[in-house]
There are 2 protein chains.
Amino acid sequence: MRQYDHPAPETLAMTEVLRALSDPLRLAIVRRLDREGAQTCAALIGERPKSSMSHHFQVLRDAGVIHTRIEGVTHYNTVRRDVLDTRFPGLMDAILIARAD
Amino acid sequence: MRQYDHPAPETLAMTEVLRALSDPLRLAIVRRLDREGAQTCAALIGERPKSSMSHHFQVLRDAGVIHTRIEGVTHYNTVRRDVLDTRFPGLMDAILIARAD
DNA sequence: GATATTGTTCGATTGGTTTCGAACAATATG
DNA sequence: CATATTGTTCGAAACCAATCGAACAATATC
């Protein structure tokens, strides 16, 4: 059961995190993961075909915003709050709390 | 002495602000404006030709991140902290305070 | 082992962004 | 009014990002 490589906390770049979150669909994904906890990729499909969703999850993963745990055939995604909060204090709070898009 | 149109506070979009700040050069510009106060475009040239800098200032202005005041022939740029802090509380603090890039 | 499920990878298209030099506009100064 | 200064606009090139269908890989189930 192979797992993904996630970037180490120290290597997260502010600009990459911001870029990953600057897409409306990705921001919506992260907001939902934050509210509802771990979600599979499939649970969030509906807006786009799965190849598109897979792409966006990968962008978020590469930027260090989400963590993906593989269990069998399903991928559970979570926001890396601990890592993000340590490296960029207050950032995710500000982004996730905001009601404006 | 014509002035720019700046987007109204209510119309700022989180994703546009994040996108504007997701470029390393633009983030550096905003950090410097925040630390040193109003700066002309020219004061920040050095990394890129002025046409490139003009482009980045425009992206920041369109996203609502900076305000540009024209005085004679020079353009003074400032971060719209009041507007940004009202609409996205804590966001600029988190982005500007962070030491990581 | 055949089949279904979950998600990735590939390849192509489209559209947007960055970059920069050159020409331009507007104000200021000699 | 000629000239310098500040910054914009234009046009073209290069690059990057989003999108999606189709094929694929890996696990699970019958």
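So that the names make sense, note that chain A is the first sequence line, chain B the second, and so on, each numbered from 1.
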Participant: Kindly write out the residues that satisfy side chain to side chain contact (heavy atoms under 4.5 Å, CB included) with P7(B), not counting sequence neighbours, or none if the list is empty.
Facilitator: T11(B), L12(B), R80(B)
Participant: Heavy atoms under 4.0 Å, any strand shown: does S54(A) hit a base, just sugar-phosphate, or nothing?
Facilitator: base
Participant: Please state how far atom CG in L18(B) lies from atom P in dA17(D), giving the value in whole angstrom units.
Facilitator: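 Rounded to the whole Å, the gap is 16 Å.
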Participant: Counting N and O atoms only, with roles assigned by atom type, does the side chain of N77(B) sit under 3.5 Å from a partner on the main chain of T68(B), one being a donor and the other an acceptor?
Facilitator: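 Between the backbone of T68(B) and the side chain of N77(B) there is no qualifying donor-acceptor contact (under 3.5 Å).
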Participant: Quick one: side-chain hydrogen bond (donor to acceptor under 3.5 Å, both in side chains) pairs with a partner in residues 43-60 of chain A, sequence neighbours left out?
Facilitator: R26(A)-H56(A)
Participant: Under 4.0 Å between a side-chain nitrogen and a carboxylate oxygen: does that hold for D82(B) and R87(B)?
Facilitator: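 No, this pair does not count.
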Participant: Using the test ring-ring contact (aromatic ring centres under 6.0 Å, His included), find all partners of Y4(A) that sit at least two apart in sequence or belong to another chain.
Facilitator: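 Applying ring-ring contact (aromatic ring centres under 6.0 Å, His included) to Y4(A) gives H75(A).
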Participant: Rounded to whole angstroms, how far apart are CE on M53(A) and P on dT19(D)?
Facilitator: 10 Å
Participant: Quick test: give all pairs of protein nitrogen or oxygen and nucleotides 1-5 of chain C nitrogen or oxygen below 3.5 Å, distance rounded to 0.1 Å.
Facilitator:
none

Participant: Please round to the nearest 0.5 Å and tell me the distance separating atom CD of E16(A) and atom OG of S22(B).
Facilitator: 10.0 Å
Participant: Inspect the contact between R19(A) and D62(A) and indicate whether a charged nitrogen and a carboxylate oxygen are less than 4.0 angstrom apart.
Facilitator: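 Looking at D62(A) and R19(A), the cut-off is not met.
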Participant: Grab the NE2-C1' distance between H75(A) and dT8(C) for me, whole Å please.
Facilitator: 8 Å
Participant: Measure the distance from CD on Q3(B) to P on dG7(D) and round it to the nearest whole Å.
Facilitator: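 One finds 13 Å between P of dG7(D) and CD of Q3(B), rounded.
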Participant: For H67(A), which residues count as a ring-ring contact (aromatic ring centres under 6.0 Å, His included) partner, sequence neighbours excluded?
Facilitator: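 H6(A).
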Participant: Polar pairs (N or O, both sides) under 3.5 Å between protein and nucleotides 16-22 of chain C?
Facilitator:
{"unit_1": "dT18(C)", "atom_1": "OP1", "unit_2": "R26(B)", "atom_2": "NH1", "d": "3.2"}
{"unit_1": "dT18(C)", "atom_1": "OP1", "unit_2": "R26(B)", "atom_2": "NH2", "d": "2.9"}
{"unit_1": "dT18(C)", "atom_1": "OP2", "unit_2": "R26(B)", "atom_2": "NH1", "d": "3.3"}
{"unit_1": "dT18(C)", "atom_1": "OP2", "unit_2": "H55(B)", "atom_2": "NE2", "d": "3.1"}
{"unit_1": "dT19(C)", "atom_1": "OP1", "unit_2": "R48(B)", "atom_2": "NH1", "d": "2.6"}
{"unit_1": "dT19(C)", "atom_1": "OP2", "unit_2": "R48(B)", "atom_2": "NH1", "d": "3.4"}
{"unit_1": "dT19(C)", "atom_1": "OP2", "unit_2": "H56(B)", "atom_2": "NE2", "d": "2.5"}
{"unit_1": "dC20(C)", "atom_1": "OP2", "unit_2": "S52(B)", "atom_2": "OG", "d": "3.2"}
{"unit_1": "dG21(C)", "atom_1": "N7", "unit_2": "S51(B)", "atom_2": "OG", "d": "3.1"}
{"unit_1": "dG21(C)", "atom_1": "O6", "unit_2": "S51(B)", "atom_2": "OG", "d": "3.3"}

Participant: Please state how far atom CD in E71(A) lies from atom C1' in dT6(C), giving the value in whole angstrom units.
Facilitator: 13 Å
Participant: Between dG7(D) atom C1' and R69(B) atom CZ, what is the distance in whole Å?
Facilitator: 15 Å
Participant: Can a side chain N or O of Y76(A) be found less than 4.0 Å away from OP1 or OP2 on dT6(C)?
Facilitator: no
Participant: Is there a path from F57(B) to V73(B) through hydrophobic residues (I, L, V, M, F, W, Y) whose side chains come within less than 4.5 Å of each other?
Facilitator: no
Participant: Could you give the CZ-to-P distance, from R2(B) to dA25(C), as a whole number of Å?
Facilitator: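 Answer to the nearest Å: 13 Å.
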Participant: Given atom CZ of R61(B) and atom P of dG7(D), what is their separation to the nearest angstrom?
Facilitator: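 Rounding to the nearest Å, CZ of R61(B) and P of dG7(D) are 11 Å apart.
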